[in-house]
Amino acid sequence: MWKRLHSFAGSLRDFGGCTRHNNGASSSCQNPGGGDLDRGQRASRVNKGGPTMPFQAVRLYIQDHHVVMDNGIVQVTLSKPAGIVTGIRYDGIDNLLEVLNRETNRGYWDLHWNPPGGNGIFDVISGTSFRVVVENDEQVELSFTRMWDSSLEGKYIPLNIDKRFILLRGSSGFYSYAIYEHLQEWPGFDIGETRITFKLRKDKFQYMAIADNRQRLMPLPDDRLPGRCQALAYPEAVILVNPKMPELAGEVDDKYQYSCENKDNQVHGWICFKPPVGFWQITPSDEFRTAGPLKQNLTSHVGPTTLAMFHSSHYAGKDLVLSISPGEPWKKVFGPVFIYLNSASNGEDPLFLWEDAKMQMMAEVQSWPYSFPASEDFQKSEERGNVCGRLLVKDRNISDDYILASGAYVGLAPPGDVGSWQTECKDYQFWTRADENGYFSIKNIRAGDYNLYAWVPGFLGDYRWDAIMNIISGFLSQTLLISFEYCFFNDRCYRVQISCNVGCDMDMGDLVYEPPRDGPTLWEIGIPDRSAAEFYIPGPDPKFMNNLYANHPDRFRQYGLWGRYADLYPDTDLVYTVGLSDYRKDWFFAQVVRRKDDDTQVGTTWQIKFKLDKVDRNSSYKLRVAIASATLAELQVRVNDAKAQRPLFTSGLIGRDNAIARHGIHGLYRLYNVSIPGARLVEGENTIFLTQPRCTSPFQGLMYDYIRLEGPPFSGSSNEASSSFK
């Protein structure tokens, strides 16, 4: 395996990529659009050393009720015509999937949907027709479709669904993708979730890995049965009382403790120790996932279960339900994703399978977009475009010069309001991180209409470039047309069409983001990074430990932290004194309700105390409150009068993120800009009261990202940014 890893690292260095010169004068592309690895490079990834043997051609065997794809490395069996993965044979193991389960409960696409106003329906997507799309020595691609008509209304979601499975010569795994299509004349629906699920053999796969520092021996599914566990506050969370591995007794198990942001969710899976075999789900691109790079999704969990999540409303709620209206045509390609299988020789450390899986993930990312999917709906590299530029920040409180937007998140998403990308779930998004000088390059963008969005760690708010970018696939002269439509306030509209060779960058030059700012910073709490991770996160109640997260950077993933607030503040609420308090120690990570002795909850009011030497009573001050998460909560702001009947500001009821219960440290980002009349302030000590009054559940509350008080506006300043999310 070590030979393979070193060889593979060398092959990655052979890949090119789009490079934006830092002098801003020109752009260049090498290996534009990525594309698939050649066959030799694919074959090298499964060579474990020794003499290289030619790889067996891919073979397809069609039976009465099953179809089998076999390339000599892996054999995949699917039901016909349903398209359920019933068996995966690899490295001497007859079936990696749970043979004790029914065939319909092993490897499948599923979705959770409802008609408008109707009840939710869980649907394991079973095809009704089967066809062979590609069959040759190099590749087999199969299609399992379920077509919709009005006779199926109320029974099945009004979608045509085409599930595809691909096996390549010399590939140690297989690919899957699907095309969902809604015709204009069909009724509407809502989708809360769609994904691929694999249920592995519990007697083989007991070690799970989702990150370098998030991997462990996992409980068995039997350990969650009555008599072996104790239920906690919701069904997903249990305490292991009598697990089959005694060393796990007393630990909490909850699948949400293993959630991951899209940007970090590229490979995860399971390791079998005897024999040493790995099963990995690799997502090579986030373009088909919803809601951008910070969206949190489930990964792998007790089962052993591995998920390829394409869309979910987790950590967002109804704001991220995919709603298609009657009369609205819609089509989207989800995937392909890669199911990668690897093995180690006797005597090798099985944990190296994780390192190998990460290397494989890097190769899949470099190969995107793949050249081999047969569907015309999956756009290849020659049908896509690339965009680059540089983002700068202008904040006069920090500098009169432009500030480099180091590490900025920059992306293309469908046209919408500022910050709308985080709730966009119908189409495609393309994101990257700017380098230390603010330069960014976004590659392999599908044809379509987009706004360019960005946000910069360390600065409030969201950026949107107001021009609509229309990327058009052009087949004549191998040219890609990129057009920009500028709409100005004087009602004049200018349309400019720019063409460039396929695969080259469209250089947008320097873009300038002016974050919300009226006046100088008088004080601030936290770091504007859309997360509450920098605040005080207590240790868990010893009864509710998950030992993976003991002394772990992600302390917030422990169960029951909402209850620790009442332990720390049994009678009175948090008081933060500017200049004396330290937000890392004195600002609880979530403004939750306080549990009383009779097990009821009450709302909480936090205080921020600060001194002003001088007050301009004729001017307005600005309180900026960035919210990292909200769950059926309300933010009320009062100034120097805690008992004022009417707050100076209220958000109203906001949020269904459920991040408090699901061990998240953020949900949807919201920014509120509260004007405070100078007459409300006094020279000397002042107090801002932040009240969260909603208290029917222990999981209601707010997580703050960052709070800042600004003095009266700069002379001549007229900058006022609107809320990023309302």
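Worth saying up front: this structure is predicted, and the values here are computed from it rather than measured.
- At distances below 3.5 Å, at least one donor-acceptor pair connects side-chain atoms of Asp657 with backbone N or O atoms of Ala630.
- Remark: Lys332 is positioned above the aromatic ring of Tyr428, its terminal NZ or CZ atom under 6.0 angstrom from the ring centre and at most 45 degrees off the axis.
- Of the possible donor and acceptor atoms, none in the side chain of His182 sits under 3.5 Å from a partner among the backbone N and O of Gly188.
- Here CG of Leu412 is found 11.5 Å from CG of Asp449. Values are rounded to the nearest 0.5 Å.
- Between Glu181 and Lys331, at least one side-chain N (NZ, or NE/NH1/NH2) sits under 4.0 Å from a carboxylate O, which counts as a salt bridge.
- Between the side chains of Ser259 and Tyr315, at least one donor N or O lies within less than 3.5 Å of an accepting N or O.
- Among pairs with a residue in residues 375-400, those fulfilling ring pair (Phe, Tyr, Trp, His ring centres under 6.0 Å) read Trp368-Phe378, at least two apart in sequence or across chains.
- Geometrically, Arg638 does not engage Phe689 in a cation-pi contact defined by less than 6.0 Å to the ring centre and at most 45° from the axis.
- Atom CG of Asn437 and atom CG of Leu391 lie 12.5 Å apart (nearest 0.5 Å).
- The existence of a salt bridge linking Asp510 and Arg390 is confirmed by a sub-4.0 Å separation between a basic side-chain nitrogen and an acidic carboxylate oxygen.
- Taken to the nearest 0.5 Å, the CD1 atom of Ile191 stands 3.5 Å off from the CD1 atom of Ile157.
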**Item:** Phe334 and His311: CA distance, side-chain angles, deciding distance, ring pair (Phe, Tyr, Trp, His ring centres under 6.0 Å) verdict
**Value:** CA-CA 9 Å; Phe334 293 104; His311 168 73; 7.9 Å; no
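- Taking the charged nitrogens against the carboxylate oxygens, Asp377 and Arg164 have no contact shorter than 4.0 Å, which rules out a salt bridge.
- No donor-acceptor distance shorter than 3.5 angstrom exists from the side chain of Tyr453 to the backbone of Gly419, with no hydrogens or angles considered.
- No more than 12 heavy-atom neighbours from other residues, nucleotides or ligands sit within 6.0 angstrom of OH on Tyr402.
- Contact check for Arg384 versus Pro369: side-chain heavy atoms found under the 4.5 Å cut-off.
- In this structure, Tyr621 and Asp616 have side chains that are in contact, with non-hydrogen atoms separated by less than 4.5 Å.
- A distance-only check finds no donor-acceptor pair linking the side chain of Gln422 to the backbone of Leu668 [under 3.5 Å].
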**Request:** In sequence, state the C-alpha distance, the side-chain angles, and the governing distance for Ile161 and Leu111, and then conclude on side chain to side chain contact (heavy atoms under 4.5 Å, CB included).
**Result:** CA-CA 11 Å; Ile161 298 177; Leu111 53 81; 4.1 Å; yes
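- In the model, Ser323 has a side-chain atom that pairs as donor or acceptor with a side-chain atom of Asp190 under 3.5 Å.
- Checked by atom type, the side-chain pair Arg517/Thr521 shows a donor-acceptor distance below 3.5 Å.
- Tyr450 and Phe430 have perpendicular rings, their planes meeting at more than 60° on a 0 to 90° scale where under 30° would count as parallel.
- Of the inter-residue distances, the one linking Thr423 atom OG1 with Trp421 atom CH2 reads 9.5 Å to the nearest 0.5 angstrom.
- Summarising the geometry of Asp427 relative to Pro414, their closest heavy-atom pair is CB-CG, 3.6 Å, with the distance given to 0.1 Å.
- A side-chain donor-acceptor contact under 3.5 Å links His268 to the backbone of Leu307.
- Partner Tyr576 forms a ring-ring contact (aromatic ring centres under 6.0 Å, His included) with one of Tyr704, Trp523, Trp587 and no other, that one being Trp587.
- Gly385 and Ile471 make their closest contact through N-CG2, 4.5 Å (heavy atoms, listed as atom of the first residue, atom of the second, distance).
- Looking at Leu702 and Ile654, their side chains come closer than 4.5 Å, going by heavy atoms from C-beta outward.
- By the 6.0 Å contact criterion, CD on Glu185 is enclosed, its count of non-hydrogen atoms from other residues, nucleotides or ligands being greater than 12.
- Leu709 has its side chain within reach of Phe610: a pair of non-hydrogen atoms, C-beta onward, lies under 4.5 Å apart.
- Judged purely by atom type and a 3.5 angstrom limit, Tyr513 has no side-chain atom pairing as donor or acceptor with the backbone of Phe459.
- Judged by distance alone, the side chain of Glu424 and the main-chain N or O of Ala413 form no donor-acceptor pair under 3.5 Å.
- Ring-plane geometry between Tyr180 and Trp330 is classed as perpendicular, the angle between the planes exceeding 60 degrees on a 0 to 90 degree scale with a lower cut at 30.
- In this structure, Arg433 is positioned above the aromatic face of Tyr409, its NZ or CZ under 6.0 Å from the six-membered ring centre and within 45° of the axis.
- Taken from CG in Leu635 to CZ in Arg694, the straight-line distance is 11.5 Å, to the nearest 0.5 Å.
- Of the possible donor and acceptor atoms, one in the side chain of Thr631 sits under 3.5 Å from a partner among the backbone N and O of Asn658.
- Contact check for Tyr177 versus Val333: side-chain heavy atoms found under the 4.5 Å cut-off.
- For the atom pair Ile445 CD1 and Met506 CE, the distance stands at 11.0 Å (nearest 0.5 Å).
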**Request:** Apply side-chain hydrogen bond (donor to acceptor under 3.5 Å, both in side chains) to Tyr583 and Glu534, showing your working.
**Result:** CA-CA 8 Å; Tyr583 64 78; Glu534 70 270 26; over 6 Å; no
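- A donor-acceptor pair under 3.5 Å is formed between the side chain of Gln591 and the backbone N or O of Leu690.
- Applying the side-chain hydrogen bond (donor to acceptor under 3.5 Å, both in side chains) test between Asn262 and each of Asn297, Thr283, Asp286 identifies Asn297 as the sole match.
- Within the 4.5 Å cutoff, the side chain of Arg530 has no heavy atoms near those of the His666 side chain.
- Salt-bridge formation is not detected for the pair Glu382/Lys380: no Lys NZ or Arg NE/NH1/NH2 atom is positioned less than 4.0 Å from an Asp or Glu carboxylate oxygen.
- Separation of the Phe589 and Phe556 ring centroids does not fall under the 6.0 Å cut-off.
- Side-chain atoms of Asn386 come within 3.5 Å of backbone atoms of Asn444 as a donor-acceptor pair (strictly under, hydrogens ignored).
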